[in-house]
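As the structure lists them, so they are numbered: ligands from 1, and atoms in each ligand from 1. Along the sequence shown, the residues carry numbers beginning at 1.
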Amino acid sequence: MNDNNKVLEVNDLRVAYNGTTVIEGLSFAVKRRDILVILGPNGAGKTTLLRSLLNLLPYQGDITWHAGKIGYVPPQELLRRQDIPPLKLSEFFAFKTSDREKIEAMLCAVGLDVRCLQRQFNELSTGQFQRMMIAWSLLDNPDVLILDEPTSGIDIGGEETIYSLLQKFWQKQNLTILLVTHDLHVVWEYATQVLCLNRQEMCMGEPDEVLTPEQLKRLYGSGIKFYQHRHG
Ligand code: ADP
């Protein structure tokens, strides 16, 4: 792989909590403009991996970013909207920029009415909240966007899902996306690469190569129902 084309290199990553190893011997690379989906059962270490990549956790091994800005949309549960101080959206966005035009343009781009700037977090629907978080994370034009399980089933308005919204931005700008999801439909529709993680075990490749019944069974055990994408 051409070095210029790599946005992230992970080498022999090991992460432990209080001496208990959660990720071990993990090595992979991500190319610019990949949409990498990280798949794995609960407890596989997906969130731990993302948090290590963001330098939020101590780790061993090497994590090398060849990227300027990295945007992060944490999991919905982490945000626990009821615990967020009663900020208006306009105040929240002011942490990022004072450029009101830029904020309004970004809100329009994610399909939100600019009048919602006068609202507080708890006045937004879940779908609106997700759109708002995407707008927030994209406001300073990151090279990489990292998302931890954006709620997959939620229709955020019309036919548009959080994933088609992300894909729209991905098509328009030079964005690389790293995404944790449980939704295999998302993998088939949007992923350019898939990383299967189960603590130490892993496989990586294009969806067609990786999402075989055998691999999924290895990853999730026999309980998984295989969903085969049919091309056109
Ligand atoms: P996933 O995102 O794939 O569900 P996580 O990365 O959240 O998995 O967790 C991987 C393992 O690490 C789990 O066994 C979990 O219990 C453990 N773990 C996660 N966070 C902590 C923490 N802060 N302290 C101790 N153990 C943790």
Side-chain angles (χ1 to χ4, degrees), residues 7-30 34-65 70-81 83-84 126 129-130 133-134 137 144-154 161-163 166 176-205 207 210-227:
V7 76
L8 169 67
E9 292 173 82
V10 174
N11 250 310
D12 202 15
L13 181 69
R14 178 177 179 274
V15 189
Y17 294 107
N18 308 318
T20 306
T21 300
V22 171
I23 294 175
E24 196 167 27
L26 182 63
S27 301
F28 65 96
V30 182
D34 262 345
I35 298 181
L36 172 74
V37 173
I38 300 161
L39 271 186
N42 287 334
K46 302 182 295 297
T47 295
T48 301
L49 172 61
L50 292 190
R51 291 175 61 76
S52 316
L53 297 179
L54 289 159
N55 217 3
L56 296 172
L57 286 176
Y59 60 83
Q60 290 175 305
D62 298 314
I63 295 176
T64 312
W65 283 104
I70 300 168
Y72 175 49
V73 180
Q76 288 268 321
E77 314 87 79
L78 204 84
L79 292 169
R80 300 260 307 268
R81 283 192 286 152
D83 294 344
I84 292 178
T126 310
F129 189 76
Q130 286 220 313
M133 284 307 296
I134 302 279
S137 60
V144 180
L145 189 61
I146 295 182
L147 299 103
D148 197 343
E149 283 194 73
T151 322
S152 51
I154 286 180
T161 64
I162 201 82
Y163 301 105
L166 286 171
T176 305
I177 298 178
L178 273 64
L179 170 75
V180 164
T181 180
H182 283 294
D183 191 340
L184 290 182
H185 290 255
V186 170
V187 186
W188 286 119
E189 292 298 326
Y190 302 108
T192 60
Q193 290 281 303
V194 188
L195 171 67
C196 296
L197 180 69
N198 198 355
R199 290 166 179 250
Q200 302 155 33
E201 259 185 60
M202 65 154 277
C203 58
M204 186 168 173
V210 168
L211 294 188
T212 61
E214 297 75 32
Q215 289 287 9
L216 290 175
K217 198 171 164 195
R218 223 177 108 220
L219 188 64
Y220 288 104
S222 51
I224 184 96
K225 191 162 170 276
F226 183 61
Y227 164 72

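Thr21 contributes no side-chain N or O that, together with a main-chain N or O of Glu24, makes up a donor-acceptor pair within less than 3.5 Å. A donor-acceptor pair under 3.5 Å is absent between the side-chain atoms of Lys46 and the main chain of Thr181, judged by distance alone.
Legend: residues meeting side-chain hydrogen bond (donor to acceptor under 3.5 Å, both in side chains) with Ser137, ordered by chain and number and at least two apart, are absent.
Sorted by chain and number, the residues within 4.0 Å of ligand 1 by heavy atom are Tyr17, Val22, Pro41, Asn42, Gly43, Ala44, Gly45, Lys46, Thr47, Thr48, Arg199.
A donor-acceptor contact under 3.5 angstrom links the side chains of Asp148 and Thr47, judged on distance only.
Val180 has its side chain within reach of Leu50: a pair of non-hydrogen atoms, C-beta onward, lies under 4.5 Å apart.
Taking CD1 of Ile177 as the start and CD1 of Ile146 as the end, the distance is 11.0 Å to the nearest 0.5 Å.
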